[in-house]
Protein chains: 2
Amino acid sequence: MFHNTPAACDHRSVNASAPRPAARRRRTDAKRNEDALLEAAASVFAASGVDAPVREVAAAAGVGVATLYRHFPTRSDLVVAVYRHQVDACADAGPALLASEASPFAAILRWVHLYVDFLGTKHGLARVWEGDPDGFTALHRLIVDRLVPVLTDMLAEARASAEVVAPITAYQLIRAVGDLVAFNPPDPQYDVRRIVTLLVSGLRQQQPHP
Amino acid sequence: MFHNTPAACDHRSVNASAPRPAARRRRTDAKRNEDALLEAAASVFAASGVDAPVREVAAAAGVGVATLYRHFPTRSDLVVAVYRHQVDACADAGPALLASEASPFAAILRWVHLYVDFLGTKHGLARVWEGDPDGFTALHRLIVDRLVPVLTDMLAEARASAEVVAPITAYQLIRAVGDLVAFNPPDPQYDVRRIVTLLVSGLRQQQPHP
DNA sequence: CTAAGATACGGAACACGGTTCCGCTAGACA
DNA sequence: TGTCTAGCGGAACCGTGTTCCGTATCTTAG
């Protein structure tokens with residue numbers, strides 16, 4: 001699955017002067033618990049959405065809440081750990097689509113829908129996105145770090161070919177798409193994909209001023 | 001203001017056969033408290049956002065929480081009561097813009113921005129929107145009832161003049177705009193108005209299929 | 001193999017939100 | 001002015017995320 005995510009890398013004994021006494025190995029039960037938590041979280045999130053209570057995840061992993069919190073200091077860290085590899089896959093798809101699609105714009109459209117599918121399969125992923133006090137949840141940061149550069153390249157290429165003219169940044173677009181998908185359980189009245197397509201197709205329009 | 005909302009209409013003595021004994025008048029303190037609550041809620045919401053705790057509103061009104069709950073059975077009912085007249089104003093602006101603006105599309109653009117301003121001035125209004133279990137918060141319903149018809153007309157006119165070609169319904173558009181504005185404290189990195197404009201300008205584009 | 005001690009654990013406790021309950025107050029009517 | 005009940009206050013309840021702390025367990029030196 002992908003749980004080799006040390007979550008917080010081991011900064012013990014980074015003391016410059018002291019001849020550190022061969023730092024201890026990480027306890028095996030710690031590793032085991034972390035894995036169990038990630039697996040439990042993945043399945044609980046899949047079943048009950050990302051909003052599932054932490055206690056439920058801890059219980060499913062057969063572990064106390066404190067243990068969960070030691071490995072993942074905050075709810076959103078857990079979410080990020082669970083979905084990191086999917087975000088990576090999405091990031092990797094960018095250049096691939098640029099190569100395979102007929103035009104940069106077509107590539108962008110498909111890529112954005114990939115992103116929508118990613119967000120869409122986990123109801124309420126956005127709740128994690130929003131809850132940021134000063135603008136940075138772990139998920140927010142992950143997405144900005146991994147996805148924004150990818151989309152930035154795609155947009156640049158689409159601009160070079162004059163397919164895209166609206167002055168929108170990759171960050172703005174990604175965030176907008178996130179907001180759109182955010183709280184939308186499948187609903188016949190409201191197809192998110194259609195709306196996202198609408199948004200993306202706006203990129204080809206010169207923007208009116210107000 | 002608009003508080004003649006009996007919250008739950010008086011079903012006392014709806015007994016078909018009995019000659020009901022001239023039902024009591026509503027207690028004056030009840031009316032007074034309802035007004036105080038609405039006033040307090042308006043100012044608290046303005047100061048702390050719509051997410052302000054109910055207790056805070058009750059305290060500001062100088063009443064107990066139970067009183068608040070008797071008048072407004074749920075949080076979102078309170079929110080709706082506070083903002084109802086603003087929604088009305090927004091609805092009224094639709095036909096006016098259609099008449100005053102250069103084109104139906106221009107009218108739509110301006111109207112949508114009016115709506116954005118309405119939502120935007122109250123951080124987190126969307127939280128009320130989303131919290132709907134089966135699809136209907138009070139606010140959701142209010143907006144659908146009042147605003148969707150207005151935008152529907154505007155879209156029809158814009159389609160008649162071929163300015164709008166994308167097959168999007170008023171409901172979809174309003175909901176999308178709501179989602180976009182939803183969780184966005186003013187942020188230099190991310191100007192909601194720009195994104196909304198992007199979305200709206202997509203209406204002029206033939207939609208690509210995926 | 002054993003013992004010391006760091007590391008990690010479990011679950012109770014805390015803070016904080018919406019909502020409900022219930023004994024009592026005070027307004028309406030006679 | 002007295003009765004009766006609509007309406008009130010605020011404590012209590014439930015369900016969140018998060019923290020605390022006494023204890024168990026793993027690692028490692030000897």
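Here is the naming used below: chain letters follow the sequence lines, and residue numbers restart at 1 for every chain. Please read these numbers as outputs of a predicted model, since none were measured by experiment.
- Considering CG of A:L119 and CG of A:D179, their distance stands at 10.0 Å, rounded to 0.5 Å.
- Contact between the side-chain N/O atoms of A:T74 and the OP1/OP2 oxygens of D:dT18 is found at a separation under 4.0 Å.
- Listed pair B:H71 / D:dC8 meets the phosphate criterion, a side-chain N or O lying under 4.0 Å from OP1 or OP2.
- Side-chain atoms of B:S48 never come within 3.5 Å of backbone atoms of B:F45 as a donor-acceptor pair (strictly under, hydrogens ignored).
- Of the residues near DNA chain C, B:P53 and A:A30, the one whose nearest nucleotide (by heavy atom distance) lies more toward the 5' end is A:A30.
- Counting all heavy atoms, side chain and backbone alike, A:I168 lies closest to A:R159 at O-NH2, 2.9 Å.
- Remark: C1' of C:dA28 and NZ of B:K31 are 18 Å apart, rounded to the nearest angstrom.
- Here A:E34 pairs with A:R26 in a salt bridge; the nearest charged N to carboxylate O distance falls below 4.0 Å.
- At the phosphate of C:dA8, neither OP1 nor OP2 sits under 4.0 Å from any side-chain N or O atom of A:T67.
- Here C:dA8 presents its P atom at 15 Å from CG of A:L68, a figure rounded to the nearest Å.
- One can place CZ of B:R32 at 13 Å from C1' of C:dT25, the figure rounded to the nearest angstrom.
- Protein atom CZ of A:R25 is 10 Å distant from nucleotide atom P of D:dA29, rounded to whole Å.
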Polar-atom pairs under 3.5 Å, protein N or O versus N or O of nucleotides 19-25 of chain D: list them with distances, or write none.
from   : atom 1 : to    : atom 2 : distance (Å)
D:dT25 : O2     : A:R27 : NH1    : 3.1

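- Nearest-nucleotide mapping onto DNA chain C: of A:V63 and B:R55, the residue sitting toward the 5' end is A:V63.
- Taking atom CG of A:L78 as the reference point, atom P of D:dT18 lies 11 Å away to the nearest angstrom.
- Considering only side-chain N and O atoms, B:T28 lies under 4.0 angstrom from the phosphate OP1 or OP2 of C:dA28.
- Contact check, B:N33 against D:dG7: no side-chain N or O comes under 4.0 Å of OP1 or OP2.
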